[in-house]
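The shown structure was predicted, so the numbers you read here are calculated from the model rather than taken from an experiment.
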Amino acid sequence: MSQTTPPTSAPAPQAGSPIRWVPSLYFVQGMQFFVVMLLAGLMFKNMGVPNDQIARWTGLLGLAWAIKPLWSPFLELARSKKLVVVAMQFTGAVGLGLMALAVQMPMYFAASIAVLFLLAYASATHDIACDGLYLASLDPKQQAAYAGWQGAFFNASKFLTLGGLLVLAGHLEKSMGVFNAWSVIFAVLAILLAALAAYNAKVLPNVLSPVTADRSAANVWRTLKEVIADFLKKPGIWAMILFIVLFRFAEGQVQTIGPLFLIEAREKGGLGLTTEQVGGIYGTVGTGAFLVGSILGGYFTSWLSLKRAMPILILAMGVPNLTFYYLAVAHPADMLHIGAAVAVEMFGYGFGFVGMILFIMQVVAPGKFSTAHYALGSGVMQLGFIFSKTISGDIQMAMGYEHFFLWTIVCGLPALLLMFFVKMPTLGKAEGASAGEPKADAVTAQ
C-alpha cells in the first residue's frame with residue numbers, strides 16, 4: 001500500500017497481559033477450523049454420506065484457508081483488527097446455530113455444506129485479522145514465547161471437537177438418533193463460540209491501524225497487487241514456499257489417516273477401536289500431551305532461537321510418523337499401550353508445529369505488509385496440507401497401513417535437508433534483551 005501521507009497513529013489503548021487473550025483468541029481460531037475440517041466429515045460419515053462426497057466437499061471447504069490471502073489486503077485497511085476478529089467470531093456463532101437447523105432438513109447434506117461454506121470463509125477471514133492482531137501487539141521475543149500458547153490452544157480446540165464432542169455425540173446418537181444428536185452438538189458449539197466472542201470483545205488489545213490518505217476500492221486492488229509483488233520479491237521466497245509445503249507434507253498424511261487407522265478393523269490392519277474410544281484418547285492424554293509439547297516448544301525456541309531450534313523441531317514433527325509406524329507393526333490391544341503411544345505422538349506434534357508458526361511469522365511475514373504476508377504464508381501452508389491430505393487415502397490403500405506410515409517417515413526428510421538452504425533468523429542476546437524490554441501497552445499496526 002502506497003503511503004504518500006505519513007501515518008497518524010491513534011492513542012495507545014491499554015492492553016492486558018497476552019496470557020489473558022492469546023489462548024482464547026487461538027482457541028476460537030482452531031475451533032472454527034476443526035469444526036469444518038474434522039467434525040463435519042465425521043458427522044457426515046455417521047449420517048451415511050459416501051466417502052468420496054465427504055472428501056470432495058470438505059476439500060473444497062478447505063480451500064477457504066488456502067485462498068484467504070486474496071482478500072487479506074482489505075483487512076490491512078481495516079482501522080481496527082479487533083473489530084474484525086469479534087465480528088467474525090459472532091458470525092461463526094450464528095453459522096453454528098444454523099448448522100443445528102440444517103441437519104434437520106430433508107436435503108440436510110446440501111444445506112449443511114452451504115452453511116459450512118459460510119463458516120469456512122468467516123473463519124478464514126478471522127484468521128487473517130487475529131494473526132495480524134498478534135503480530136501488531138507483540139514484539140519478536142514475545143511472539144516466540146507465546147507461539148507455544150498460540151499453537152497449544154489452536155490445537156486444543158481440535159481435541160474438544162475430536163475428543164469431548166465426538167464422545168458426547170456417540171452417546172447422544174444411541175438415545176436420540178444421529179441427526180438430533182448432531183443438532184445438539186452444533187447448538188452447544190454455537191453457545192460456546194458466542195460466549196468466547198463476548199469475552200474476546202472485552203480483553204483483546206485494540207490495536208489501531210494508521211490513518212492513510214487513500215482508502216478507496218482502487219487503492220485496495222492496488223494494494224493487493226503490491227502485496228503479492230512484494231511477497232514474490234522476497235529473497236529466497238521459492239525456497240521458503242517449498243520448505244513450508246515439505247514441513248507439513250508428512251503431517252497432512254498422518255493426521256488424515258491416523259484416526260482412521262485407529263478405528264479400522266484389526267483384520268484390515270487397524271487397531272479396531274470404537275469412535276468413542278478414539279475420541280476419549282485424543283480428548284484426554286492427547287490434549288494434555290499436545291498442550292505441554294506446544295508450550296515447551298515455544299519457550300524452547302524463544303530460548304535457543306529459531307535457527308538453532310529448527311532441526312529439533314523438524315525431528316519432533318517426525319515423532320507422529322514413527323509412532324503410527326510402531327502401532328501398525330506392533331498392533332497393541334490394550335488401551336493403556338495405545339494411549340501412551342498417542343501421548344508421545346501428540347507431544348512431538350505440538351513441540352514441532354511451533355517451528356512452522358514462527359518460520360512464517362519471523363521469516364516470511366516481516367516487511368511492509370506483515371499481516372498480508374503472514375496470510376500468504378499460511379495459505380501456502382494450507383495448500384500443501386490439502387494436497388497431502390487429498391493424496392493420503394490413495395497412497396494408504398495402495399501400500400497398506402504399515403508401509404504407508406513408513407512412507408510418511410521418508411516424507412519428513414526433505415524438509416530437514418532444505419532447512420539448510422532457507423533463511424533463518426537468529427535472536428542474539430542483545431536483540432533478545434532489546435525485544436524483551438517493556439514497551440508501550442499498545443502498538444500500532446505496520
Chi angles and distances behind the ring pair (Phe, Tyr, Trp, His ring centres under 6.0 Å) call for Phe290, Phe154
CA-CA 11 Å; Phe290 189 91; Phe154 177 89; 9.0 Å; no
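- Residues Ile128 and Lys81 form no side-chain contact, since every pair of their non-hydrogen atoms from C-beta on lies 4.5 Å or further apart.
- Checking each of Trp149, Tyr374, Tyr26 against Tyr134 for a ring-ring contact (aromatic ring centres under 6.0 Å, His included) leaves exactly one that passes, namely Tyr26.
- Tyr401 is not listed as a side-chain neighbour of Lys268, based on a closest heavy-atom distance of 4.5 Å or more.
- Other residues, nucleotides and ligands contribute more than 12 heavy atoms inside 6.0 Å of the NE2 atom of His337.
- For Phe405 against Ala328, the heavy-atom pair with the smallest separation is CD1-CB, 3.9 Å.
- Considering every non-hydrogen atom in both Ala197 and Val86, the closest pair reads O-CG1, 4.2 Å.
- Applying the 6.0 Å contact sphere to CZ of Phe387 captures no more than 12 heavy atoms from other residues, nucleotides or ligands.
- Counted by atom type alone, Ser378 and Trp65 present zero donor-acceptor pairs between their side chains at under 3.5 Å.
- Side-chain contact between Gln255 and Arg248 is absent, with no heavy-atom pair separated by less than 4.5 Å.
- At a threshold of 4.5 Å between non-hydrogen side-chain atoms, the residues Asp127 and Lys68 count as touching.
- With rounding to the nearest 0.5 Å, the separation of CD in Glu251 from OH in Tyr349 is 3.5 Å.
- Residues Gly412 and Ala250 share a closest heavy-atom pair of N-CB, 4.1 Å.
- Taking CG of Leu116 as the reference point, atom OG of Ser123 lies at 11.5 Å (rounded to 0.5 Å).
- You'll find the side chain of Gln362 stays beyond 4.5 Å of the side chain of Phe359, heavy atoms only.
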Check your understanding: For Val292 and Phe347, what are the C-alpha separation, side-chain angles and deciding distance, and is it a side chain to side chain contact (heavy atoms under 4.5 Å, CB included)?
Key -> CA-CA 7 Å; Val292 172; Phe347 179 88; 3.9 Å; yes
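- Aromatic ring centres of Phe300 and Phe351 lie closer together than 6.0 Å.
- Residues Ser24 and Trp21 share a closest heavy-atom pair of OG-O, 3.2 Å.
- Here His126 and Phe90 keep their ring centres 6.0 angstrom or further from each other.
- Within the 4.5 Å cutoff, no side-chain heavy atoms of Leu165 are placed close to those of Val35.
- To the nearest 0.5 Å, the span separating OG on Ser137 from NZ on Lys82 amounts to 10.5 Å.
- The aromatic rings of Phe249 and Trp407 sit perpendicular to each other, their planes meeting at more than 60°, with 30° as the lower class boundary.
- Partners of Gln382 under the side-chain hydrogen bond (donor to acceptor under 3.5 Å, both in side chains) rule, at least two apart in sequence or in another chain, do not exist in this structure.
- Residues Leu246 and Pro414 approach most closely at CD1-CB, 3.8 Å, considering heavy atoms.
- Annotation: Met335, atom CE; neighbour count of heavy atoms from other residues, nucleotides and ligands within 6.0 Å is above 12.
- Phe243 pairs in a side chain to side chain contact (heavy atoms under 4.5 Å, CB included) with only one of the listed residues (Ile314, Val380, Val364), which is Ile314.
- We find the CG-CG distance between Leu83 and Leu204 to be 11.0 Å, quoted to the nearest 0.5 Å.
- Atom CZ of Phe247 sits about 13.5 Å away from atom CG of Leu242, to the nearest 0.5 Å.
- Between Val85 and Val28 the shortest side-chain heavy-atom distance does not fall below 4.5 Å.
- Atom CD of residue Gln29 and atom CE of residue Met88 lie 14.0 Å apart, to the nearest 0.5 angstrom.
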